[in-house]
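Please read the structure below before turning to the comments.
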Amino acid sequence: MELSAKYNPSETEDKWYAYWLEHKFFHSEPDGREPYTIVIPPPNVTGILHMGHVLNNTLNDVLVRKARMDGKNACWVPGTDHASIATENKVVAKLRAEGIEKENLTREEFLKYAWEWKEKHGGIILSQLRKLGASCDWDRTKFTMDPELSEAVINTFVYFYKKGYIYRGIRMVNWDPVGHTAVSDEEVVHRDTVSKFYHLRYFISDGNGNPTDKYIIIATTRPETIMADAAVCINPEDERYHWLKGKKVLIPLINKEIPIIEDSYVEMGFGTGCLKVTPAHDVNDYEIGIRHNLPVVDIIDDHGRLNEKAQILVGEDRFDARHKIEGMLREAGNLEKLEDYTSPVGYSERTNAVIEPRLSMQWFLKMDALAKEALESVESGKVKLIPDKYRNTYRHWMENVKDWCISRQLWWGQRIPAYYLPDGRFVVESTPEAALEAAKKINPDITAADLKQDEDVLDTWFSSWLWPISVFDPEKPGHPEHRPNADLAYYYPTSDLVTGPDILFFWVARMIMAGNEFMKDIPFRNVYLTGIVRDKLGRKMSKTLGNSPDPLDLIDKYGADAVRLGMLLCSSAGNDILYDEAQIEQGRNFCNKIWNAYRLVSGWKTDDDAVQPQASAVAVRWFGNKLSLVLGQVEDHFSKFRISDALMTIYKFFWDDFCSWYLEAVKPAYNTGIDRATYAATTGYFEALLKMIHPVMPFITEELWQAMEPRMAGETIMLQRYPTAGECDNTLIGDFENACEAVAGVRNIRQQKNISPKEPLTLKVRTGFPEWTVPVIEKLANVNVVIAEFSGEKASGVTFMVKTHEMFVPLTGLVNAEEEMAKLLSVIEYQEKFLESVRKKLSNEKFVNGAPEKVVAMERKKEADSIAKIEAARASLKALKGE
RNA sequence: GGGAGCAUAGCUCAGUUGGUUCAGAGCGUCUGCCUUACAAGCAGAGGGUCGGGGGUUCGACUCCCUCUGCUCCCACCA
């Protein structure tokens with residue numbers, strides 16, 4: 001077979017993925033083996049693959065494939081998340097583009113559109129993951145709104161309600177005026193935002209609602225809310241304003257009379273020291289309002305517009321209103337001055353709308369008991385966070401957690417199973433039938449038609465926190481006494497979870513809570529937290545910046561293996577990765593390197609009569625030992641989740657040790673056959689290497705493994721056992737490294753003296769050098785090695801050191817004595833300084849007595865080595881001088 | 001405002017209880033090569049007072065203090 005000089009991924013990737021699917025290699029069923037389980041962080045059902053997904057799912061896949069090759073029963077459960085607010089927004093936007101407003105639709109009509117959208121776009125991302133090579137058990141694909149998973153969510157709600165953890169109440173919540181829903185504290189991101197600080201004059205009332213000529217100045221960033229003011233507050237200690245006590249002031253423009261109150265919350269040094277209190281639209285003001293029994297005037301509606309209670313600017317958007325009221329206040333003489341002002345403003349994570357603090361009736365889940373236990377799970381080490389530094393963050397959050405607002409004013413999601421009686425009382429049951437039964441206990445006359453179900457749906461995270469349980473057994477959550485389920489018993493707890501730190505609290509912490517509550521066990525043992533993918537300037541990838549490449553384009557251009565390697569190359573756990581297309585190119589180059597190594601080996605013809613050359617025998621012996629050494633290192637890296645280290649170790653082993661040294665050492669001369677022993681060893685090593693690389697680069701390794709020799713139908717590299725480390729002789733490996741250094745030394749001389757690699761040279765070494773490696777040196781350096789003394793002839797050649805072994809290349813007529821002497825002098829100078837520092841240490845009694853014996857012995861060896869080097873250099877110098 | 005973390009080669013980062021000749025890797029750079037697997041390649045080379053200062057120690061990239069610079073998280077938008 002004639003192979004092209006370049007690897008072509010597009011010809012192989014789809015073929016092998018189809019082959020893997022056809023033979024159901026990804027599918028897992030419980031059996032006697034040790035399970036290895038990962039649940040996918042479910043991407044949004046309508047999402048498309050971005051670079052963050054690529055990083056995350058590549059890591060997942062590497063872990064799963066490695067575990068599978070280690071003989072474990074590996075199961076990676078895929079699925080998608082209904083992402084209520086994000087998806088509902090997309091559907092609303094799409095309908096709007098078609099001229100349909102959500103407000104004009106019934107809940108049922110809207111949900112029909114939403115499901116259509118989901119059917120059309122849902123799962124695109126899952127098919128994109130296939131392109132990446134993800135070895136998910138697709139037969140187990142789940143969606144958080146699958147009927148049985150939704151049922152689990154409802155049962156969970158009922159469970160916690162009956163346990164007394166869920167309550168309903170009017171609270172100040174984070175209102176998203178674009179999504180028209182409350183969002184949890186965790187879904188609000190604060191960003192410093194430039195705005196204006198408005199200094200407003202509030203005139204003192206004469207007692208009859210008329211302004212006097214006296215006024216106070218109040219600084220606010222939100223002049224559009226003044227109509228909702230319930231009071232003006234001063235600090236009781238603030239002598240500047242004692243004259244105000246008991247007085248009333250008038251709200252500008254609407255001339256509404258409000259009292260002056262005193263509360264130590266007000267900081268005298270901030271602003272003007274006078275605070276307008278707007279209980280309906282500010283969390284702190286709300287607290288003050290409660291303390292002082294102030295009325296709550298809510299002047300902003302669901303959409304962020306002023307309502308009729310505002311009296312003026314009714315129907316205007318809050319930001320338009322802010323702009324307009326500025327002019328009105330100026331005209332009315334109430335605007336003292338304007339300042340630029342930067343302050344943190346809360347934005348909705350999903351819609352990027354400025355959050356409006358707003359009072360509303362919501363459902364909450366009590367968190368204290370759940371958080372306490374979830375904190376313990378991590379503190380005790382039962383759940384390990386990787387990297388460990390996130391434990392601090394985790395602890396801080398768990399110790400300061402507030403109750404979780406779980407209701408959302410949306411339609412796309414699991415509807416809250418609370419049913420209201422006409423008198424306003426309600427029952428919470430998992431089905432309408434059960435609700436009716438419960439309602440009849442309150443009022444026997446109630447009929448099904450009288451019961452009205454709550455309009456809200458549950459926060460998406462209220463379903464995804466069940467994910468590690470519900471993908472295996474949706475009946476379990478909320479049913480502590482439920483019947484056993486073989487899948488859940490086998491796969492739970494899952495092994496590792498790979499996800500981003502941005503959802504440590506949203507998702508990870510809450511899964512731990514749900515696991516503890518329903519399984520009395522943690523949901524996973526290790527949480528590997530990836531970094532955020534940034535561009536090479538360190539900016540987050542975003543649509544608006546346009547700095548995020550489409551992973552599918554990259555896969556088309558470079559191949560999935562290259563993309564996978566590129567993403568993993570410099571991604572250590574918890575560190576952001578700076579994406580640079582050059583890394584993907586490096587991945588592609590590595591594919592090409594593997595491909596060409598295969599081209600070389602596959603072109604060899606075995607010759608039964610050929611005797612194994614000595615150089616080959618040496619190389620085979622060395623490489624076997626090195627393989628063991630490297631496998632040990634790789635295993636160690638994997639066990640510590642140092643994926644990029646494992647990868648780099650394998651990368652260098654293949655490129656440097658295998659290609660540059662081993663293959664060059666055993667490569668037969670042109671048009672010459674290769675002996676059987678060397679060929680067998682080489683293909684064995686190559687196969688081991690392909691297996692080592694497979695978890696990271698599944699496609700090319702399958703392609704070459706299949707091509708190496710005829711395979712049975714249904715055979716695959718992905719189910720081969722990962723090679724394991726055997727014994728390794730470190731002395732032998734060290735000897736070979738010395739040989740490599742000797743080769744490099746000769747090559748260096750060739751370059752400096754401009755001697756062609758084709759011109760044979762002589763290399764003289766003294767006895768003591770490990771002679772067994774000589775054949776390799778001779779072959780790779782194109783030298784004739786002579787073991788002999790050479791002190792007398794140093795002037796007519798070049799010497800160099802390999803460790804403490806002095807080597808000599810006779811080069812009559814090519815030696816520049818001045819240059820050589822200068823080199824030697826600098827060596828002597830360096831070594832003398834070094835020797836001095838070593839001797840200083842050794843003459844220090846505290847060191848000799850205090851340091852471990854091993855360390856002292858090492859210092860003595862340094863001393864001896866240094867002396868040897870100095871002596872050798874001096875001898876050479878003497879020879880050059882002709883002494 | 002509170003908390004956490006980071007600072008090592010031009011770039012991205014390792015450096016695992018303070019002690020192997022420990023100052024490293026990859027990429028990039030420079031030099032020489034179209035050598036019959038690979039120029040997406042081969043061979044060789046250069047490059048850092050480990051952010052500044054102080055301390056502990058026989059010994060500090062590693063531990064402590066301090067300064068400077070950066071990042072992230074949390075936090076009620078006067």
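Since we're looking at a predicted model, the values are computed, not measured.
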The nucleotide from rA40(B), rA43(B), rU36(B) with an atom nearest the side chain of Tyr670(A) is rU36(B)

### Query
How is Lys196(A) classified with respect to the nucleic acid when contacts are heavy atoms under 4.0 Å: base, sugar-phosphate, or nothing?
nothing

* **Validation row, ring centre Phe658(A) to ring centre Phe653(A) under 6.0 Å** => no

Quick check on the 6.0 Å ring-centre criterion: do Phe197(A) and His199(A) meet it?
yes

Among rA78(B), rG19(B), rA37(B), the one nearest any side-chain atom of Phe847(A) is rG19(B)

Can you find a side chain N or O atom of Asn392(A) that sits less than 4.0 Å from OP1 or OP2 on rG3(B)?
-> no

Quiz item: Hey, does the side-chain of Lys593(A) have a donor or acceptor N/O within less than 3.5 Å of a partner on the base of rC38(B)?
Solution: yes

Atom CD of Glu581(A) and atom P of rA40(B) are separated, to the nearest Å, by 16 Å

Taking rC77(B), rU12(B), rG19(B) as options, the one with an atom nearest any side-chain atom of Leu578(A) is rU12(B)

note: Glu759(A), atom CD; rU35(B), atom P; distance rounded to Å ~ 18 Å

Paired runs of 3 or more consecutive Watson-Crick or G-U pairs involving RNA chain B, with both pairing distances under 3.5 Å, are B:1-7 with B:68-74, B:10-13 with B:24-27, B:29-33 with B:41-45, B:51-55 with B:63-67

**OP:** State whether the distance check finds a donor on one side and an acceptor on the other, under 3.5 Å, for side chain Arg747(A) versus base rA43(B).
**Re:** no

Once base and sugar-phosphate atoms are separated, protein heavy atoms under 4.0 Å mark nucleotides 24-32 of chain B, 5' to 3', with B, S and - as -SSS---B-

* To do: Salt-bridge test for Lys196(A) and Glu339(A): reply yes if a basic N is under 4.0 Å from a carboxylate O, no otherwise.
  => no

Report task. Mind checking Lys6(A) for me? I need base, sugar-phosphate or nothing, with any heavy atom below 4.0 Å counting as a touch. Result -> base

When rounded to whole Å, the CG to P distance for the pair Asp192(A) and rA75(B) reads 14 Å

Applying a 4.0 Å non-hydrogen cut-off, can you work out what Glu267(A) is touching in the nucleic acid: base, sugar-phosphate, or nothing?
base

salt_bridge(Lys803(A), Glu737(A)) N-O dist < 4.0 Å
no

Intermediate values then yes/no, side-chain contact (heavy atoms from CB on, under 4.5 Å), Lys276(A) and Ile258(A):
CA-CA 10 Å; Lys276(A) 74 187 200 65; Ile258(A) 51 171; over 6 Å; no

Over all strands shown, is Thr193(A) touching base, sugar-phosphate only, or nothing at heavy-atom distances under 4.0 angstrom? nothing

Point to revise | Pair Arg201(A) + Glu336(A), salt bridge at N-O below 4.0 Å | key: yes

Practice item. Identify whether the distance between the nearest side-chain nitrogen and carboxylate oxygen of Glu581(A) and Lys557(A) falls below 4.0 Å. Key: yes

